[in-house]
Amino acid sequence: MAVKIVRQPKKIALIGAPSSAAAFAAGTEKAPAALRAAGLIERIEAAGFEVADYGDCAPRLFADDDEHRRARNLKEIVAGLNDLKTRAEVAVKSGALVLVLGGDCAQVIGLLTGARRYYKHVNLLWFDRDADLNTPATTPSGRIDGMVVAHIIGKGAPELVRFWGEPPLVREPDITLFGLSRLDPPEQELLSRSPLRHIGASDIQSKGAAASAVDALSHLHADTREFVVHLDLDVIAQEDFPAVVVPGEGGLRRDDVRVALQQYARHKNLLGLDIAQYNPDRDVDGACAKKLVDLLVEALSSRLETPVSSSPEPAAQPAEESSTGTSA
């Protein structure tokens, strides 16, 4: 029987995913605890939301893993994703907006898999400076954080490509890359022949963040399709937010990211948002934690400004019924 999910626009389901196993350096596993300590839950509640805290998954830690140089720490990454997937399934079923505090970028696979339990198709807005389209065959580092989108579309290590079941987890035409400013040559080649949509940081700065975000939502067919947003904080210029694993000059300013994120957060078909790459080890005075809490509260508050759609929500399909033939 199909599961009826009643969306709850004033509820947030919070999950911590304390992992650095897929990252390029240690530290991101401390992000959920640091954001909780910075008052994130209290601030979200004060803004007018009811928060259901699903706790933190078990920590998964950075390691060199030189025995697996083309795809490091896969065992730990998969274990973390199994933990997150279980929590995400319950959170998505509740109808609340799921907010995942990462952690490394690979954690979005657990959120997407949890959403796919109930929705035949889920689109993805990849808000990141990097495309993360390398594979174990092309990677210069072996770090899965540089390969997450490739695995989501079905290219890479079998342990991740088939984590959902039948790949791809998200189809290439259903992904929009937003904020790109760094591409490796193999990524550029793949992007040139892929139906993946992409909007570069320079284009966003030229057109404006709000208009560019509206374009991205159009590419995602967001009015008729549920979607997830992945926010890698290194998309923000390092002069505004330096506490990330791989900071970069240029890119989007904090206000650009805030404006775009507000457009996404207020949309009725947003299922979940995951936050990646905040590194408390590089935020000694906690200034970036405060900036991030402010950013999230400002963005999420925009959901309360938009009336709930009067259209009835479609019945979601449980995995037991939709795990075959879901990638039309």
Side-chain angles (χ1 to χ4, degrees), residues 1-17 32 35-36 39-57 83-102 107-108 110-125 127 170 213 217 220-231 258 260-275 293-322:
M1 180 181 293
V3 176
K4 176 69 174 180
I5 294 178
V6 179
R7 304 289 281 280
Q8 306 287 338
K10 294 186 178 182
K11 293 185 179 180
I12 303 291
L14 185 74
I15 306 172
L35 293 173
R36 292 175 187 278
L40 177 62
I41 293 177
E42 294 81 1
R43 288 283 307 280
I44 294 174
E45 289 176 334
F49 289 97
E50 178 184 336
V51 177
D53 189 350
Y54 288 78
D56 289 353
C57 302
D83 193 349
L84 177 55
K85 176 191 71 171
T86 301
R87 297 172 196 246
E89 287 177 352
V90 178
V92 170
K93 187 178 180 181
S94 77
L97 175 70
V98 184
L99 176 59
V100 176
L101 306 178
Q107 299 308 303
V108 73
L111 173 57
L112 287 166
T113 304
R116 283 291 309 274
R117 168 75 186 272
Y118 301 105
Y119 294 93
K120 185 175 182 181
H121 297 296
V122 176
N123 290 8
L124 174 63
L125 190 291
F127 201 165
V170 183
L217 289 168
L220 285 173
H221 304 289
D223 286 339
T224 58
R225 186 73 62 79
E226 286 77 18
F227 67 101
V228 163
V229 172
H230 166 81
L231 176 62
R258 175 184 57 79
L261 200 58
Q262 285 175 324
Q263 292 289 332
Y264 303 139
R266 67 167 53 103
H267 202 286
K268 66 182 179 67
N269 282 336
L270 177 64
L271 293 176
L273 167 65
D274 90 288
I275 310 299
V293 169
D294 288 345
L295 175 67
L296 292 174
V297 172
E298 289 165 2
L300 292 171
S301 294
S302 66
R303 288 180 72 78
L304 303 177
E305 302 167 5
T306 305
V308 182
S309 171
S310 60
S311 301
E313 295 292 339
Q317 295 296 321
E320 289 82 3
E321 295 182 14
S322 63

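For the single chain, residues carry numbers from 1 onward in sequence order.
Nearest heavy atom pair, residue Val122 against residue Val170, reads O-CG1, 3.3 Å. Minimum interatomic distance between Tyr118 and Glu89 (heavy atoms only, all atoms of both residues): CE1-O, 3.2 Å. Across all their heavy atoms, Ala115 and Leu271 have their closest contact at CB-CD1, 4.1 Å. Residue Ile5 comes nearest to Gly95 through the heavy atom pair CG2-CA, 3.8 Å, listed as atom of the first residue, atom of the second, then distance. For the residue pair Ala88 and Gly114, the shortest heavy atom distance occurs at CB-CA, 4.1 Å. Shown here for Pro9 and Leu304, the closest heavy-atom pair between the two residues is O-CD2, 4.4 Å.
Looking at Arg303 and Leu97, their side chains come closer than 4.5 Å, going by heavy atoms from C-beta outward. Looking at Arg7 and Glu226, their side chains come closer than 4.5 Å, going by heavy atoms from C-beta outward. With a 4.5 Å cut-off on side-chain heavy atoms, Ser94 and Gln8 do not count as touching. Contact of the Leu99 side chain with the Ile44 side chain is registered, since non-hydrogen atoms from C-beta on lie closer than 4.5 Å. Val100 places none of its side-chain heavy atoms less than 4.5 Å from the side chain of Leu14. Residues Tyr54 and Val98 have side chains not in contact (no heavy-atom distance under 4.5 Å, counting atoms from C-beta outward). For the pair Arg36/Asp53, a side-chain contact is recorded, criterion being any heavy-atom separation below 4.5 Å from C-beta on.
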Show, in sequence, the C-alpha distance, side-chain angles and deciding distance for Val92 and Arg117, and conclude whether the side-chain contact (heavy atoms from CB on, under 4.5 Å) test is met. CA-CA 9 Å; Val92 170; Arg117 168 75 186 272; over 6 Å; no

Could you walk me through whether Glu50 and Lys10 pass the salt bridge (charged side-chain N to carboxylate O under 4.0 Å, His left out) test, one step at a time? CA-CA 6 Å; Glu50 178 184 336; Lys10 294 186 178 182; over 6 Å; no

So Thr113 and Leu84, side-chain contact (heavy atoms from CB on, under 4.5 Å) or not? Walk me through it. CA-CA 9 Å; Thr113 304; Leu84 177 55; over 6 Å; no

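Within the model, atoms CD1 of Ile15 and CG of Asp56 stand 10.0 Å from one another, a figure rounded to the nearest 0.5 Å. To the nearest 0.5 Å, atoms CG (Asp274) and CD (Gln107) are separated by 8.5 Å. Separating the CZ atom in Arg266 from the OG atom in Ser302 is a distance of 4.5 Å, to the nearest 0.5 Å. Between the CG atom of Leu273 and the CG atom of Leu111 there is a distance of 8.5 Å, given to the nearest 0.5 Å. The CG atom of Asn269 sits 9.5 Å away from atom CG of Asn123, with the distance rounded to the nearest 0.5 Å. In this structure, Leu231 CG and Ile275 CD1 are separated by 4.5 Å, a value rounded to the nearest 0.5 Å.
A distance below 6.0 Å separates the ring centres of Phe227 and His267.
In this structure Asp294 satisfies the side-chain hydrogen bond (donor to acceptor under 3.5 Å, both in side chains) test together with Arg43, Lys290, sequence neighbours excluded. In this structure, Phe49 has no ring-ring contact (aromatic ring centres under 6.0 Å, His included) partners at least two apart in sequence or on a different chain.
In terms of modelled atom types and a separation under 3.5 Å, the side chain of Arg225 and the main chain of His121 share no donor-acceptor contact.
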